[in-house]
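The structure appears below as structure tokens.
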Amino acid sequence: MDVNEFLESDVRVVNIGLESFARELGERGVPTVHVVWAPRAANARIRDLLAKLGS
Amino acid sequence: MSEAAVLNRVRPGFYLDSVALMRHSQAVAALPGVETAAMMIGSESNKGIMEDAGLLADEGRGAEPNDLIIAVRAESAETGEAALTEAEALLDRPAAAGGEAGAWNPKSLETALETLAGANLALISVPGEFAADEARKALAKGLHVMIFSDNVTIEDERALKEEARRRGLLVMGPDCGTAIIGGVPLAFANEVPRGAIGLVSASGTGLQEVSCLIARGGKGVSHGIGVGGRDLGDKVGGLMTLMAIDALDADARTKHIVVISKPPSDAVAKTVLARVAESPKTFTICFLGLDTIDLPENAVLAPTLEAAAAEALGNPLSELSPDEEAKAAEKAKGMDVGRRWIRALFAGGTMCAETQVIFRAAGQNILSNVPIPGALPLGDAIAGHSAIDLGADEYTVGRPHPMIEPAVRNDELEVALAEPDAAVILLDMVIGHGAHADPAGDLADVLKGAKSGGPVVIASVTGTEDDPQVYSEQIVKLRMAGVMVAPSNARATALALAIVGHLA
């Protein structure tokens, strides 16, 4: 869906992170699905290592 | 009293979102004998923040990003240990995450997309280190993206926005606190009517202030597209600002476009203004603080958020009314000798910048923890007016942002109220979705305890009648508490300057 089609459509949200955002949008009738998220250890460790090397 | 003890405990493989963790941190910090408490996942950036705040001990230093660090500073080791045990007990309660009991939620983007047919936007607020990965996955699925998270690297931001452009998708953010798409306020945003004014903003609170001034001025907003604070920097080059202008240009509802950002580099300004010149629509350009730049014929420059809204509304620039001038003189007259400084305490970072812009234009020095060019850093040990952005990292480690919970600001407010040379306390009250349920009521409670004859308190409210907190109800509460209320942050600043002007 290109940007203008998006602006013309009803917003339908996939929420990844703070559950309070999903709850509030849901209460306002905005179609929202909340994804249960947690960091993946391996990815996170590699990212942190890369960040350290890069700094 | 003996020296404070800093203690950490690490819970391996434990995750809760930052809002839930903040709630628990506050509960632990409120325990007797506890000075500060923080619970954060053990990413390098969080460990850095905790180290700076003097909350990291050896155990926490060894934590991994999928571990949770519980940190306390307490008056003794015994009190600290007791607080850590209480913190663990809080985490073990079934409702720790604050979720609805029994509600099922998908664990992957794929399943989420099966659950919600036609999803078109991913709202991402995971810790910054992980946000770019989630955004990449969302773009690959054809979703537009709003990244609320901060701490995304500038390289990731650039790469994500280039990828989004290739796919014809928006990436709003990172660090995008506010957007309004098709009348739907997202994250921290206000209920504004739909209308013909389109907004493109690198600042969340800037977008809130301008959209609310437009709404209260009787017009409406087609869309408010947030682009993130660094979009108009050299490294990102305005990629999303340009895409947003393209989109609003093609949007039949939008007749006028307002662009809001801190002043970009010459090169980026040139690129953006060249794009503006190609548009058949009219523009207001608010590069906050900039009052001269070569603009195309279809654009006008607004140095403040208030001026941007006035231009978009087609109104003349507002000035203090004779009534306000008279009130300022009267307030100054009744003030104790020796009171002379303005203490501006902000929840909104862009309001803090706007106030400094107005001081600079008035030829007044001001100190700030986030100084704009021409302002002085707060660390300079000189007396003077000051503007503090209380949403800055140094104030919000382990504590919620002052827009969500005014406690951070209340501490500074108590100090300013007791300061013998403070003449005016200037405040912004940001309401709307995501914000505190009653910031004016909270302020009124703090002011109840203040001695009479103290500094004058001036506030403006960023919000609308349709916000959950209701603009006019907030105003009434402020007035009842003896607060002078101005219709915008710019006018509140002008009023504060008028009062101290009469003191000379």
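Both backbone and side-chain heavy atoms feed into the values below; hydrogens, waters and symmetry mates do not. Numbers restart at 1 for each chain; the letters A, B, ... are given by sequence-line order, proteins then strands.
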Residue [X] versus chain B: region with a heavy atom under 4.5 Å:
X     : value
A:N15 : both
A:V11 : both
A:L25 : side chain

With a 4.5 angstrom heavy-atom cut-off, could you sort out which part of [X] is near chain A: side chain, backbone, both or neither?
X      : answer
B:T111 : neither
B:T115 : side chain
B:E114 : neither

Which of [options] touches chain A most, by non-hydrogen pairs under 4.5 Å:
options                        : result
B:K107, B:H223, B:R167, B:H433 : B:H433
B:G13, B:G142, B:G182, B:G118  : B:G118
B:S222, B:A119, B:G434         : B:A119
B:L169, B:D67, B:I124, B:L143  : B:I124

Expected output: side-chain A:R28 to main-chain B:P185 donor-acceptor under 3.5 Å: yes
Strictly distance-based, threshold 3.5 Å: is any side-chain N or O of A:R12 a donor or acceptor partner for the main-chain N or O of B:L121? no
Under the side-chain contact (heavy atoms from CB on, under 4.5 Å) criterion, do B:M243 and A:V3 qualify, and how do the steps go? CA-CA 9 Å; B:M243 272 188 76; A:V3 183; 3.8 Å; yes
Once you round to the nearest 0.5 Å, how far does CD1 of B:I181 lie from CZ of A:F6? 5.0 Å
Got a second to check how far A:L18's CG is from B:S149's OG, nearest 0.5 Å? 7.5 Å
Check [X] against [Y] and note the closest heavy-atom contact, atom names and distance.
X      : Y      : result
A:G17  : B:V126 : CA-CG1, 3.8 Å
B:L109 : A:V35  : N-CG1, 4.4 Å
A:P39  : B:I41  : CG-CD1, 4.4 Å

In chain order, what residues pass the side chain to side chain donor-acceptor pair (under 3.5 Å) check against B:D246, with sequence neighbours excluded? B:R275
Going by side chain to side chain donor-acceptor pair (under 3.5 Å), name the residues that satisfy it together with B:S125, two or more places apart in sequence or in a different chain. none
Please verify the inter-ring angle class for A:W37 with B:Y15; under 30° counts as parallel, over 60° as perpendicular, anything in between as tilted. perpendicular
With respect to chain B, which residue among A:T32, A:L7, A:D2, A:V30 yields the maximal number of heavy-atom pairs within a distance under 4.5 Å? A:L7
Within the structure provided, determine whether B:L116 and A:P31 are in side-chain contact (heavy-atom separation under 4.5 Å). yes
Is any side-chain heavy atom of A:N4 less than 4.5 Å from a side-chain heavy atom of B:D251? yes
Going through the checks in order, is the side-chain contact (heavy atoms from CB on, under 4.5 Å) test met by B:N105 and A:E19? CA-CA 10 Å; B:N105 289 309; A:E19 197 177 2; 4.1 Å; yes
